[in-house]
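I have placed the structure first, in the form of structure tokens, so that the comments after it can refer back to it.
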Amino acid sequence: IFTRGPPAAAEAAAGDGGGGAAYSVCALGGQDCVVSVWVTCQPKALVVVRDLFKEDVLDLSWAADGSTLLCCSMDGSVAAIQIEPHEVGTPLPPAEQAARLSQLYGAAAAAG
């Protein structure tokens, strides 16, 4: 997802102090049973969640609100991780996200 606002590193990079720069927030999960959330304008993970699952992470998906990460594991359990807007900023509206994808990767990427 693309967001705008905090973290402070993005605001400083924007040069205007108003959080105008857009950046991405992504989540990773794997065979090590760990889920991590990354903000592309920061050098370290925002959060690393260990001991959430006993087996491999199978799938991750952002909920429509853009701040809830849904996770499931091979052990049959599911989890929801709530990320607060002050931690990652506010998700861009879908039209603005599509425009950003189109700008970066071409029209086919924005189509979904």
Out of curiosity, C71 SG to I81 CD1, how far, rounded to the nearest 0.5 Å?
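If we round to the nearest 0.5 Å, C71:SG and I81:CD1 are 4.0 Å apart.
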Measuring from R50:CZ to D32:CG, what's the distance to the nearest 0.5 Å?
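Separation between the atoms: 7.5 Å.
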What is the minimum heavy-atom distance between A27 and W62, and which atoms define it?
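Looking at all heavy atoms of both residues, the closest pair is CB-CZ2, 4.2 Å.
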Nearest heavy-atom pair of A80 and T68: which atoms, and what distance?
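Heavy-atom minimum between the residues: CB-CG2, 4.1 Å.
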So, the side chain of D75 versus the backbone of K54: is there a donor-acceptor pair under 3.5 Å, distance only?
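Indeed, once roles are kept as given, a pair shorter than 3.5 Å links the two residues.
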Checking the side chain of Q31 only, and the main-chain atoms of D56 only, is there a donor and an acceptor separated by less than 3.5 Å?
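Judged by distance alone, no pair lies under 3.5 Å.
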Which residue is it: D65, V37, V25? I am looking for the one with a side chain to side chain contact (heavy atoms under 4.5 Å, CB included) to I83.
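One option only clears the test, and that one is V37.
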Linked hydrophobic residues, M74 as query - side chain contacts closer than 4.5 Å
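So far as hydrophobic clustering goes, M74 is joined with L58.
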Determine whether the side chains of [X] and [Y] contain a donor N or O and an acceptor N or O closer than 3.5 Å.
X   : Y   : result
E55 : S73 : no
W38 : T40 : no
S67 : E84 : no

Do V49 and V34 sit in one hydrophobic cluster, given that two such residues count as connected whenever their side-chain heavy atoms are within less than 4.5 Å of each other, even indirectly?
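No, because V49 and V34 fall into different hydrophobic clusters, even though each may have its own neighbours under 4.5 Å.
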Kindly indicate whether the side chain of L60, heavy atoms from C-beta on, has any atom under 4.5 Å from the side chain of L69.
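The answer is yes, as the side chains (C-beta and beyond) meet within the 4.5 Å cut-off.
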